[in-house]
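This is a predicted model, so every value here is computed, not measured.
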Amino acid sequence: MSNPTNDNANAAAPAPSDFIRDIVAKHVAEKKYPRIHTRFPPEPNGYLHIGHAKSICLNFGIAREFGGVCNLRMDDTNPTKEDIEYVESIQADVNWLIAGWAEKELGLNSQSAIGNRQSAIPQPFYASDYFDQIHDFAVALIKKGKAFVCDLTPDETDEYRRNAKESPFRNRSVAENLDWFTRMKAGEFSDGARVLRAKIDVASPNIWLRDPLLYRIKHAEHHQTGGKWCIYPMYDFAHCLSDYIEGITHSICTLEFEVHRPLYDWILENLDLPRALPHQYEFARLSVGYTVMSKRKLMELVTEKLVTGWDDPRMPTISGIRRRGVTPEALRNFAYNIGITKYNGLTDVAVLEFAIREDLNKNALRRLAVLRPIKVVLTNVPAGKTEELDAVNNPGDESAGKRQITFSRELYIERDDFAEVPPPKFFRLKPGGEVRLKYAYIIKCDEVVKDAAGNVTELHCTADLDSKTGGATAGRKVKGTIHWVSAAHAIDAEVRLYDRLFTEAEPDKDGRDFKSVLNAKSLEVLTAKCEPSLKDAKPELRYQFERLAYFALDKDSAPGKLVFNRTITLKDAWAKEAQKS
RNA sequence: UGCCCGAUGGUGUAACGGUAGCACAGCAGACUCUGAAUCUGUUUGUCAUGGUUCAAAUCCAUGUCGGGCAACCA
């Protein structure tokens with residue numbers, strides 16, 4: 001078994017274990033199946049979110065750990081709600097999340113029946129590829145007297161099912177049913193006029209066994225099959241059969257499908273299928289604090305322009321999280337840390353944030369950048385004189401190397417790093433006080449320059465010219481070290497400071513309108529002063545602006561125009577300390 | 001209301017009849033040219049009541065609370 005959490009693992013992390021993996025392990029030990037085969041089956045009616053990421057990691061993780069395969073399958077049985085845009089985004093998101101981790105486990109769809117899908121990138125499976133076979137299974141069920149065409153209206157069907165009453169069309173002859181179903185398929189009837197139903201047990205305590213619908217009429221163009229069909233299989237009918245057709249062994253879904261399981265089994269067991277049948281297992285979906293997860297709600301945020309799009313970095317979508325700068329490794333570690341159970345809990349965002357910081361701390365390149373600048377003039381440094389100083393790219397990873405930063409008489413430091421009237425335990429710059437400039441000198445604040453309104457506009461300081469890193473008095477202990485950039489050399493960058501989208505941990509608690517608790521300060525845009533090396537920032541790399549936060553280059557960047565997204569702040573013990581007083 | 005499922009510190013999880021552990025969060029301290037990271041210590045828990053057993057978080061019963069389903073959605 002390979003290591004699940006760290007791809008370039010040094011410390012051996014324990015293999016994940018949960019009740020589903022326990023079942024799979026048992027089946028492997030029993031040699032119940034020739035090969036473990038899972039699947040991730042999203043409906044292409046929205047963008048994937050972090051809850052889907054949990055499912056992807058579970059399904060691909062199991063395939064990885066047990067030498068199996070996992071198919072990506074579009075569960076596209078309802079053309080009126082689905083769109084090719086979603087198909088494409090889903091594919092991109094899944095490929096991104098499993099890249100370098102479970103690529104080898106991704107099932108390849110080499111026999112796509114429909115369309116011309118030859119391509120370098122792996123193609124997903126489609127339930128719609130099986131519409132012919134699923135239709136034939138429906139006919140088989142009719143022939144066995146286990147399905148019938150029902151003419152009841154939707155309202156009547158509802159009422160009959162609620163009252164455990166048999167449909168008056170339940171006992172039509174096989175020949176009659178075959179004829180009606182053929183005519184349904186031929187397009188003779190309007191939407192809703194007739195349906196195909198399984199004949200199971202109208203009195204079952206489980207609603208899903210009360211002669212459930214198998215096929216409905218929808219005169220709608222399908223994004224994959226075009227105008228070929230005007231009848232489409234329902235989820236329950238299509239899903240178990242798609243699983244069977246693909247040779248799935250473990251069909252893992254969320255808890256709300258638990259009551260459907262008897263129907264899943266009934267359909268497969270009543271078709272005299274020759275191969276081993278797949279089985280369904282359910283786990284709890286993910287809820288994370290300070291966000292919403294339902295596709296409907298996310299869709300609302302997008303269509304009402306409360307965010308900039310599905311990939312807005314504040315969204316819990318995979319594309320939003322990616323754009324924010326989170327790496328697939330971080331997301332996978334998060335998925336691993338939260339585990340798999342049948343308990344519907346609320347995961348603390350701190351768990352997600354920890355996984356993101358842990359990963360970024362290891363990999364991000366350190367840079368100096370000032371978000372809210374205030375000018376510092378070093379009065380004992382000659383104007384025009386510059387110095388190149390060594391700065392390490394990652395203190396935890398020597399192989400990340402060093403770069404040089406330019407030092408000069410006029411600098412910018414963070415406005416928050418100076419306090420005219422310092423609060424208790426303030427380690428930074430204050431009048432008459434000393435502070436270390438990272439990688440450079442210790443400076444002392446001699447004079448505070450203010451404008452007519454009394455705002456601090458400039459600080460005049462002197463540098464201890466022997467205190468340079470490596471110099472004679474470099475060892476002098478100064479309580480604080482702050483970041484800085486040379487005013488003349490700094491480059492501007494737009495920085496987008498993202499915060500949580502909602503002000504409440506449970507935005508939709510007790511039926512409250514989730515949009516009433518949107519965080520008005522979830523985005524703040526600033527122009528930062530950055531060290532010059534950042535002009536070469538690359539979208540695939542991550543940066544830590546020291547003492548502030550982790551950042552990633554946004555896709556809105558252009559030559560000469562840098563845009564950085566704040567992925568997540570550093571932990572800030574000072575903010576906590578300052579809050580106490 | 002019927003049916004199904006669940007309940008372990010603040011949160012998420014482990015323990016599979018035999019010492020309630022881990023992670024996050026919190027708190028305290030050490031270290032620090034990032035108030036980050038790292039390191040050390042630490043507070044807090046088996047829903048309730050019965051039963052079975054030498055022994056129960058674990059098995060059984062009842063109750064309580066929570067979630068899901070009752071779409072021609074998935």
How far, in whole Å, is B:G67 from B:C72 if one measures between their C1' atoms?
27 Å
d(CG, A:Asp359; C1', B:A37) in whole Å
14 Å
To the side chain of A:Phe354, which of B:C24, B:C33, B:U34 is closest?
B:C24
How far apart are the C-alpha atoms of A:Trp180 and A:Phe189, what are their side-chain angles, what is the distance that settles it, and do they pass the ring pair (Phe, Tyr, Trp, His ring centres under 6.0 Å) test?
CA-CA 10 Å; A:Trp180 284 116; A:Phe189 316 116; 5.8 Å; yes
Base, sugar-phosphate, or nothing for A:Thr153, non-hydrogen atoms under 4.0 angstrom?
base
A:Asn45 CG to B:A74 C1', in whole Å, measures 7 Å
Gap in Å between the two C1' atoms, one belonging to B:C16 and one to B:C39, rounded:
35 Å
Give the nucleotide from the list B:A71, B:A74, B:A37 with an atom nearest to the side chain of A:Lys81.
B:A71
I want to verify a distance call: between B:A36, B:U13, B:G68, whose nearest atom is closest to the A:Val259 side chain?
B:G68
A:Lys479 side chain: which of B:U32, B:A74, B:U13 is closest?
B:U32
Expressed as a whole number of Å, how far does the P atom of B:U8 sit from that of B:A48?
11 Å
So what does A:Leu570 touch, heavy atoms closer than 4.0 Å: a base, only the sugar-phosphate, or nothing?
base
Stacking here means centres under 5.5 Å and planes under 30°; does A:Trp574 stack on B:G35?
yes
When you look at A:Asp151 and A:Arg172, which way does the salt bridge (charged side-chain N to carboxylate O under 4.0 Å, His left out) test go after all the steps?
CA-CA 11 Å; A:Asp151 303 359; A:Arg172 295 220 256 225; 2.6 Å; yes
Would A:Asp201 and A:Arg210 count as a salt bridge (charged side-chain N to carboxylate O under 4.0 Å, His left out) here? Give the steps.
CA-CA 5 Å; A:Asp201 176 9; A:Arg210 320 248 264 227; over 6 Å; no
Please evaluate the base of B:C16 for a donor-acceptor partner in the side chain of A:Asp22 within a cut-off of under 3.5 Å?
yes
Ring centroids only, cut at 6.0 angstrom: are A:Phe131 and A:His222 within range, meaning strictly under it?
yes
Students often get this wrong, so: under 4.0 angstrom with heavy atoms, is A:Tyr550 touching a base, only sugar-phosphate, or nothing?
nothing
Once you apply a heavy-atom cut-off of 4.0 Å, does A:Arg210 come out as touching a base, just sugar-phosphate, or nothing?
nothing
Using a cut-off of 4.0 Å on non-hydrogen atoms, how would the nucleic acid contact of A:Gln544 be classed: base, sugar-phosphate, or nothing?
base
With both distances under 3.5 Å as the test, what is the Watson-Crick or G-U wobble partner of B:A15?
none
How are the rings of A:Trp229 and A:His135 set relative to one another: parallel (under 30°), tilted (30 to 60°) or perpendicular (over 60°)?
tilted
Would one find a side-chain N or O of A:Thr347 under 4.0 angstrom from OP1 or OP2 of B:C24?
no
Without decimals, in angstroms, what is the distance between A:Arg73 CZ and B:A74 P?
13 Å
Choose from B:G12, B:A25, B:A74 the nucleotide whose nearest atom is closest to any side-chain atom of A:Lys571.
B:A25
Suppose you measure atom P in B:U62 against the same atom in B:G10; what distance do you get, rounded to whole Å?
30 Å
C1'-based separation of B:G12 from B:A7 [nearest Å]
14 Å
A:Met293 has an atom CE; how far is it from atom P of B:A74, in whole Å?
23 Å
Pairwise C1' distance for B:G21 and B:U64, with rounding to whole Å:
28 Å
Please work out which of the three classes, parallel, tilted or perpendicular, describes the rings of A:Phe407 and A:Tyr441, given edges at 30° and 60°.
tilted
Does B:C33 have OP1 or OP2 sitting under 4.0 Å from an N or O in the side chain of A:Lys477?
yes
For A:Asp201 and B:C3, what is the distance between atoms CG and C1' respectively, to the nearest whole Å?
13 Å
Using OP1 and OP2 only, check whether a side-chain N or O of A:Arg261 sits under 4.0 Å from B:G68.
no
Can you tell me, in whole Å, how much space there is between the P of B:C59 and that of B:G6?
11 Å
A:Lys218 or A:Glu256, whichever maps to the more 5' nucleotide of RNA chain B:
A:Glu256
Inter-nucleotide C1' distance (B:U38, B:U43), Å rounded:
23 Å
Checking B:G35, B:U13, B:C33 against the side chain of A:Tyr343 (C-beta onward), the nearest is B:U13
B:G12 P sits how many Å from A:Lys54 NZ, rounded?
11 Å
Look at the side chain of A:His260 and the base of B:A70, then say whether one donor and one acceptor between them are separated by less than 3.5 Å.
no
For A:Asp18 and B:C22, give me the distance from atom CG to atom C1', rounded to whole Å.
16 Å
Figure out the NZ/C1' separation between A:Lys342 and B:C4, and round it to whole Å.
9 Å
B:G35 base stacked by A:Phe427 (centroids within less than 5.5 Å, tilt under 30°):
yes
With a 6.0 Å cut-off on the ring centroids, do A:Trp574 and A:Phe426 count as close?
yes
Shortest side-chain distance from A:Glu258, nucleotide among B:C4, B:U34, B:G35
B:C4
Can you tell me if the side-chain N/O atoms of A:Lys576 get under 4.0 Å from OP1 or OP2 in B:C27?
yes
Assigned partner base of B:C27, Watson-Crick or wobble definition, under 3.5 Å
B:G41
Whichever of A:Pro154 and A:Ala573 has the more 5' nearest nucleotide on RNA chain B, that residue is A:Ala573
N/O (side chain, A:Arg216) to phosphate O (OP1/OP2, B:C73) under 4.0 Å
yes
Can you tell me whether the side chain of A:Arg428 and the base of B:G35 have a donor-acceptor pair closer than 3.5 Å?
yes
Go through the steps to decide whether A:Phe545 and A:Phe564 satisfy the test ring pair (Phe, Tyr, Trp, His ring centres under 6.0 Å), and finish with yes or no.
CA-CA 11 Å; A:Phe545 292 179; A:Phe564 285 102; 5.3 Å; yes
Is the distance from the ring center of A:Phe257 to that of A:Tyr235 below 6.0 Å?
yes
Counting heavy atoms from C-beta on, name the nucleotide in B:A70, B:G35, B:C33 closest to the side chain of A:Arg547.
B:G35
Winner on side-chain proximity to A:Thr341, out of B:A74, B:A14, B:U34, is B:A14
Searching all strands shown, indicate the nucleotide that pairs with B:U64 (Watson-Crick or G-U wobble; both distances under 3.5 Å).
B:A7
Set of residues satisfying salt bridge (charged side-chain N to carboxylate O under 4.0 Å, His left out) with respect to A:Glu353, sequence neighbours excluded
A:Arg500
Taking any heavy-atom pair under 4.0 Å as a contact, classify A:Leu548: base, sugar-phosphate, or nothing.
nothing
Where the side chain of A:Asp348 is concerned, which of B:C3, B:G12, B:U11 is the nearest nucleotide?
B:U11
